[in-house]
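What follows is a set of notes on a single structure, which appears directly below.
Because the structure is a prediction, the values reported are computed rather than measured.
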Amino acid sequence: MIIDCHCHAGRGDGLTGPWDTRAPLKHYLLRAKAAGIRRTVLFAAFHSDYATANKEVAQIVNGQPERFYGFAFVHAARDQGRVHKLVEMAVMKYGFSGIKIHRHDAPISREVCDAARMFALPVLYDVAGEVSVCELLAQEYPDVNFIIPHLGSFADDWRAQLALIDHLVRHANIYTDTAGVRRFDLLEQAVRRAGAHKILFGSDGPWLHPGVELAKIKALHLPLQQEGLVLGMNLYNLIHPVWKQWSFVLSG
């Protein structure tokens, strides 16, 4: 099963660009189906109130639970003091299985990491090139798994991407996704040095074409077992403990 670990959905409440205006799924779903992508992780577009945005994403996810997973988007600064409550709502009511945070909003905080630890959630944190934080995350929260998208930089900062590869190699709880990575040789190097078990397929849909992003993984010509890890099993392994723990709590 191919799982896209990185896709936005719903309406933002800004008008500075597609990222905070709207993330429509109609064309994404057609493209994903044609590419053979069976499941997708959804999280909100940028928003001034992530409680509202997460609720909209939950409606989409719970409308097709066999098609989508949900991650809760939080703002480390603006949501200070209520991160635990937002995450608890996302897990216990919406059935979400991860946290999304972006450096564009604010740097990651202990409050976010503590919530991830409490609920056994992976954190997909876009560091926007500031990859040195991975050293601190790995040291302070070795029991929390962090997915650093875009190999560390959507802005194609090859210095940051090279540095992230070193963190992937050295730290067991640091992962990356392939969304928007344009320097194919760095993607090859990441797989060669860190191993396929540290790389997750992501598209950054709906704005990037999932079929085009998937083609990069196919072009790596990995052995089938390694390709399977990248295309879905790594994501499954990161979120499965969440399902196991909280499905038991909810059913009890």
Side-chain angles (χ1 to χ4, degrees), residues 2-76 78-79 86-87 89-90 93-106 112 121-128 147-151 153-156 176-182 200-216 232 235 239:
I2 301 176
I3 306 172
D4 181 350
C5 81
H6 189 139
C7 184
H8 297 264
R11 289 167 56 95
D13 59 351
L15 293 169
T16 63
W19 48 87
D20 68 351
T21 302
R22 184 186 296 272
L25 292 177
K26 178 180 179 181
H27 295 302
Y28 168 85
L29 289 173
L30 292 174
R31 294 163 178 168
K33 182 178 180 180
I37 297 168
R38 296 277 301 279
R39 302 203 70 163
T40 300
V41 173
L42 297 182
F43 33 79
F46 285 107
H47 203 284
S48 66
D49 181 3
Y50 284 127
T52 298
N54 290 337
K55 183 177 181 180
E56 182 180 1
V57 172
Q59 292 172 344
I60 299 170
V61 171
N62 293 321
Q64 298 186 65
E66 75 291 344
R67 179 66 182 81
F68 299 123
Y69 304 104
F71 277 25
F73 213 140
V74 299
H75 190 297
R78 191 175 60 227
D79 292 326
L86 288 175
V87 173
M89 172 71 74
K93 183 173 182 179
Y94 302 153
F96 283 9
S97 50
I99 296 172
K100 171 66 163 68
I101 185 169
H102 203 294
R103 178 62 182 84
H104 173 79
D105 284 336
V112 172
L121 300 174
V123 179
L124 195 149
Y125 176 34
D126 190 334
V127 300
I147 305 165
I148 311 300
H150 315 304
L151 198 57
S153 174
F154 187 73
D156 197 28
T176 192
D177 81 26
T178 61
V181 177
R182 292 177 282 283
L200 285 70
F201 161 63
S203 75
D204 206 0
W207 306 302
L208 300 189
H209 194 302
V212 174
E213 295 300 305
L214 180 60
K216 294 187 300 190
L235 184 279
I239 66 174

Over all atoms of both residues, closest heavy-atom pair of [X] and [Y]:
X	Y	value
C7	T40	CB-CG2, 3.5 Å
A23	A45	CB-CB, 4.5 Å
Y28	S203	CE1-OG, 3.8 Å
P210	I37	CB-CD1, 3.6 Å
I60	A9	CD1-CB, 4.0 Å
A76	A106	CB-CB, 4.3 Å

Between [X] (side chain only) and [Y] (backbone N and O only), is there a donor and an acceptor less than 3.5 Å apart?
X	Y	answer
H8	A44	yes
H150	V181	no
R78	S48	yes
D177	G202	no
E213	L208	no
T176	P149	no
R31	K26	no
D20	G17	yes

Run V123 and I147 through side chain to side chain contact (heavy atoms under 4.5 Å, CB included) and show every step you take.
CA-CA 6 Å; V123 179; I147 305 165; over 6 Å; no
Could you label the plane-to-plane angle of the F73 and F43 rings as parallel, tilted or perpendicular, counting under 30° as parallel and over 60° as perpendicular?
perpendicular
Parallel, tilted or perpendicular, judged at 30° and 60°: which one describes the rings of H47 and Y50?
tilted
Run the side chain to side chain contact (heavy atoms under 4.5 Å, CB included) test on Y69 and I239 for me, step by step, so that the C-alpha distance in whole Å, both residues' side-chain angles and the decisive distance to 0.1 Å come before the verdict.
CA-CA 9 Å; Y69 304 104; I239 66 174; 3.6 Å; yes
Rounded to the nearest 0.5 Å, how far does [atom2] of [Y] lie from [atom1] of [X]?
X	Y	atom1	atom2	value
D126	S153	CG	OG	8.5 Å
S97	L121	OG	CG	7.5 Å
L86	D79	CG	CG	5.0 Å
Q64	L25	CD	CG	9.0 Å
D49	N54	CG	CG	9.0 Å
F71	I101	CZ	CD1	13.5 Å

Do [X] and [Y] make a side-chain contact, defined as non-hydrogen atoms from C-beta onward lying under 4.5 Å apart?
X	Y	result
W19	T21	no
F201	K216	no
V87	I99	yes
L124	H6	yes
Y125	V112	no
L235	D4	no

Is the number of heavy atoms from other residues, nucleotides or ligands within 6.0 Å of [atom1] ([X]) greater than 12?
X	atom1	result
R67	CZ	yes
K55	NZ	no
R22	CZ	no

Would you check if the distance from the ring center of H75 to the ring center of H102 is below 6.0 Å?
no
Please identify each residue that fulfils ring pair (Phe, Tyr, Trp, His ring centres under 6.0 Å) with Y94, with sequence neighbours left out.
F96
Do R39 and F68 form a cation-pi contact, if we require the NZ or CZ to be under 6.0 Å from the six-membered ring centre and within 45 degrees of the ring's axis?
no
